[in-house]
Participant: 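My questions will all concern the structure given below.
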Amino acid sequence: MGGYGSGRKWNAKSTVEETNRIDIRWLKKEGCLRPGYSGTISWSCNGSNTGTIAARMAGDTFILNYNHRGRNGEWSPVEQIIGLSRSECYFGGHRLWFQCPRCHKRVAVLCGAGKLFLCRTCYGLNHASQHENEADRMLRRVRKIRKRLGADMNLFEPILFKPKYMRWRTFERLRREAEHTYSLSWEIAGQRWGLVL
Ligand SMILES: [Zn+2]
């Protein structure tokens, strides 16, 4: 790689996802965020190289250059310019973040799951998106029960009335299930947003 400085090795073995990720904390530790940095970043998994990209600092941006293999099997060069933003630390100094090129959210990790390096959420890779699906699934279940009971479809409203044809035991069981599932869905959604409920 002519023109580029020292190479950096990234051991991808410990990552959960099978994708190549860049972590801003790791870059900082390796000195890749200092002004004028230019070098390569490589990933390896079980000893074999799973990707190499060229990276450089330019002002408030981190620029990646690499070749991406498309669905048709052909390689094409990609240049991705990633904005960096800084947040002040409580005890002085600052912390650097990537700005996800798609959603512009501040993130510490970008994943190269497709052509571009984007945040986990944009690629639907994180546990949070699984939780979201789980919460959605729960809310669907709650709506189904409410419909069966002829209850108000506003999920905040209590379920009050037993349908005439239904046995009390069945009604109580379904009502409990709807209420329990509803509050559980909130807990899961809360974990997603880091809320404590
Ligand atoms: Zn994103």
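When a ligand or atom number is given, it counts from 1 through the structure's own listing order. Since the structure is predicted, the reported quantities are computational estimates derived from the model, not experimental observations.
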Participant: What is the distance from atom CZ of R102 to atom SG of C122, rounded to the nearest 0.5 Å?
Facilitator: 5.5 Å

Participant: Side chains of M57 and P35, heavy atoms from C-beta outward: is any pair under 4.5 Å?
Facilitator: no

Participant: Please say which of Q99, H94, R95, R106 ends up in a side-chain hydrogen bond (donor to acceptor under 3.5 Å, both in side chains) with S85.
Facilitator: R106

Participant: Hey, does the side chain of R25 reach the backbone of A108 with a donor-acceptor pair shorter than 3.5 angstrom?
Facilitator: no

Participant: Give the ring-plane orientation class for Y66 versus F117, where under 30° counts as parallel, over 60° as perpendicular and anything between as tilted.
Facilitator: perpendicular

Participant: Would you say W168 ends up clustered with L174 if hydrophobic residues are merged whenever their side chains have heavy atoms under 4.5 Å apart, either directly or through other cluster members?
Facilitator: yes

Participant: Which protein N, O or S atoms does the Zn ion (ligand 1) have within a distance shorter than 2.8 Å?
Facilitator: C100 SG, C103 SG, C119 SG, C122 SG

